[in-house]
Visitor: 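Here it is: the structure, laid out below.
Just so you know, these numbers use all the heavy atoms, side chains as well, and skip hydrogens, waters and symmetry mates. A note on names: the letters A, B, ... follow the listed sequences, proteins ahead of strands, and every chain is numbered from 1.
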Amino acid sequence: MSVLENLNEKQKEAVLHTQTPLLVLAGAGSGKTRVITHKITYLINEKHIPLDKILAITFTNKAAQEMKQRIKKTLSLEKEPQWISTFHSLCVKILRQEAQNIGLDKNFVIYDEEDSKKTLKDILKELNLDLETYKPEKTKSIISSIKQDMDESILEFYEFTMPHIRQIYQKYQDTLKQNNAVDFDDLLLLTVELFLKNREILHKWQSKFDYILVDEYQDTNKIQHKLLKLLTGDRTCITVVGDPQQCIYTWRGANPNNILEFEKDFPNTKIIKLEKNYRSTTQILQTANKIISNSKGKWKEKVLKLWTENKEGEKVKLAVLSTDKKESEFIARKIKDYKSQGYLYSDMTVLIRMSFLTRNIEEALLRADIPYQIIGGVKFYERAEIKDILAYLKISLNPKDTQAFKRIINLPPRGIGQKTIDKIKQYYKTDWIQAVYDAYDEFSNKVKLGLQSFLELVQYVQKYANQQPAQTAKYIYDAIDYENYLQNKYTNDWEDRVANIKELFNALQEVEKSGKTLTQFLEESSLSQAQDNLENTNTVKIMTIHASKGLEFPIVFIAGLEEGIFPSGRAFEDIEQMEEERRLFYVAVTRAKEKVYLTYAKQRSSFGNRFQETKQSRFIKEIKEELEILGKKRPPKTQKKVISDELRIGQLVSHELFGKGVIKSINDNRVTVIFEKEGEKTLKKGFLKGL
DNA sequence: CACGTCCCTGTTTTT
DNA sequence: CAGGGACGTG
């Protein structure tokens, strides 16, 4: 049982190379996950590195989980390896242990995007600044890039149009600190700062790891690169795997230059290219190569050219539909077809560029009785009802958390409004709960009553949350009569929301059973990702292309190939962004093993009612000669079943685009068919197949 | 001073 | 369609 079994020469080389830092340029479907897991096994078995001295960083929690289990199984371990995680989870672990060394309370909370933006909004109001000039989204993204690049010079640029941006940034950092909170970027930044400031601690963590492996390197940002450099030190014990052509996260700081810089920062780097693809058919790969050949050709010698020994397969297909509704119905119909041909629902995925496109797809699949799962969208722990209940638990662990406090002080309505909160704030010394006590005498009896009910509840939660989180959550739910609150507030979908709460109770029950702490649970929920919820069930998965990173499916539908959607309208004026859109398309197509369907609608309804004319995505034109256009051209010779002369009235037929139908009349070469879904159409014989 | 209603706007992608 | 801000009412 060699660890090198079933690896090709290049893969073997990548597993065996440990003398110098290693950069593996691994194309889509070239078996990079395999290389990483085999390499870990090799390091343990042959190089005798203890399992817990290997650090492996993956892009998603899901990937980390799978890798852990694979290794546990391969090595017949009792427990899972503990240092396989994402960058963010790794940094949380480090920070929890070292909190006191950077003036952080170890009960710090992680602010999500919403909390961070609300914090910024509060700051803007306090500073009396215009919300238009300093849009919280914009401001947040500027602050993020400062932190991700560890470089404040970007402020000089923005100060021309946003003179107070520096002040806002300062205040934002101060506020987070006061709240005993960190944002996503802080997890990385604070860890790096800790290492830079404290040699001893750095050495401690360096010596914890004898080897470091990193996946999806093209999507790491500057500070992650820096962190790796710090952890590696002068040693050579590092392997990173990536593919610049699959970089799709520059908009949140990913820096594909990390791949180029790697050689500089890690001397004597060896480079190995994995270009043999094991996933896709020749046709799919050819189309993918065509897509990426239209990119500007940066990263010269780092660009991979994929090839495969897989069979030819079918051409990538394009279906043009009249409306968005028809588009999703087409997809549903195809799914049914393939199901009846023996494919599983779980063999198929629908990929989209923007999550609002899930709506139509979901409706069509629902109507067609096709089981599906939506990955991402509004995530579970970002739902208002979940955050409401969690805020009670959070405030009990960290009573400094302003966002949690504001969320629940008047939930359910207790007659406490802005003025009361302002007053409480004047009494703020150590934390919000204390502030409420201290300010208490200031208020009218009515407000006092409201505050009392709040304080009583919080006292209870503080007492029991840690030991019995599930029961405590239930207690909160009943105490605030939350079901009633949901019923009144959300007349349409309150039942779904109640179901979500029940789901939360279950999750908390698991926490109690598994012996995890509430803090651990809260931090996992903050760092939960779309893919984490990917069920191993026989359902069609619907997700954004970003969420599909690292996954593969036999059949892939890519919907909404329209200018403004894919590529996104925001990319129109920016060449770099357009390049990223193109890479995104490349990633989408390379998810497929056997079949790819591209679709777009000539008309799409925006918001509620109005239809808008769309324009075909530029990407389609770029690969036109690779495509089989459904419903327009004669199907290629592979489909010999085309019926020619023996058509008769009443015969069941099928059409690529319109689905199943029955022949109503025949007139020379033209046949009128009544389609199950599309109604009556007259078309040429050649387009029909017998059933 | 809190709370309800009306009207407006605005859609990337996410740790 | 939905979330948030402005504005008027009790």
Visitor: May I ask you to check whether A:Y485 and A:Y482 place their ring centers less than 6.0 Å from one another?
Guide: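 Centroid distance A:Y485-A:Y482: below 6.0 Å, so yes.
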Visitor: Closest approach to the side chain of A:N410, judged atom by atom: which nucleotide of B:dA2, B:dT15, B:dC3 is it?
Guide: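 Closest nucleotide among those given: B:dC3.
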Visitor: Would you say a side-chain N or O of A:R359 is under 4.0 Å from OP1 or OP2 of C:dC1?
Guide: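 Indeed not, no polar side-chain atom of A:R359 lies that close.
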Visitor: For the residue pair A:Y428 and A:F405, is the inter-centroid distance of their aromatic rings smaller than 6.0 Å?
Guide: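 Judged by ring-centre distance (under 6.0 Å), A:Y428 and A:F405 do not meet the cut-off.
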Visitor: Please classify the nucleic acid contact of A:E132 as base, sugar-phosphate, or nothing, using heavy-atom distances under 4.0 Å.
Guide: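 The answer is nothing, as A:E132 stays clear of every strand by at least 4.0 Å.
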Visitor: Mark this stacking check for A:F356 against B:dT11 as yes or no, applying ring centres under 5.5 Å and ring planes under 30°.
Guide: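 Aromatic stack with B:dT11 present for A:F356.
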Visitor: Among B:dT15, B:dA2, B:dC3, which nucleotide sits nearest the side chain of A:K419?
Guide: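 Nearest to the side-chain atoms of A:K419, counting from C-beta on, is B:dA2.
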Visitor: Would you say A:T544 places a side-chain N or O within less than 4.0 Å of OP1 or OP2 belonging to B:dT14?
Guide: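 Answer yes for this pair, as a side-chain N or O of A:T544 is under 4.0 Å from OP1 or OP2.
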Visitor: Has the side chain of A:T349 got a donor or acceptor atom that lies under 3.5 Å from a matching backbone atom of A:K541?
Guide: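 Flag set: sc A:T349 to bb A:K541 pair under 3.5 Å.
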Visitor: Look only at the side chain of A:N179 and the backbone of A:T402, and say whether a donor-acceptor pair between them is shorter than 3.5 Å.
Guide: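 Yes; judged by distance alone, with no hydrogens or angles, the pair exists.
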Visitor: For A:N221 and B:dT15, is the shortest distance between a side-chain N/O and OP1 or OP2 below 4.0 Å?
Guide: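 No, outside the criterion.
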Visitor: Using a cut-off of less than 4.0 Å, is there contact between a side-chain N or O of A:T86 and OP1 or OP2 of B:dT15?
Guide: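 For A:T86, the contact criterion (side-chain N or O under 4.0 Å from OP1 or OP2 of B:dT15) is not met.
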Visitor: Taking only N and O in the side chain of A:S355, is any of them less than 4.0 Å away from OP1 or OP2 of B:dT13?
Guide: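 Affirmative; the distance criterion is met.
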Visitor: Taking 5.5 Å and 30° as the limits, would you call A:F87 and the base of B:dT15 a stacked pair?
Guide: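 No, aromatic ring not over the base.
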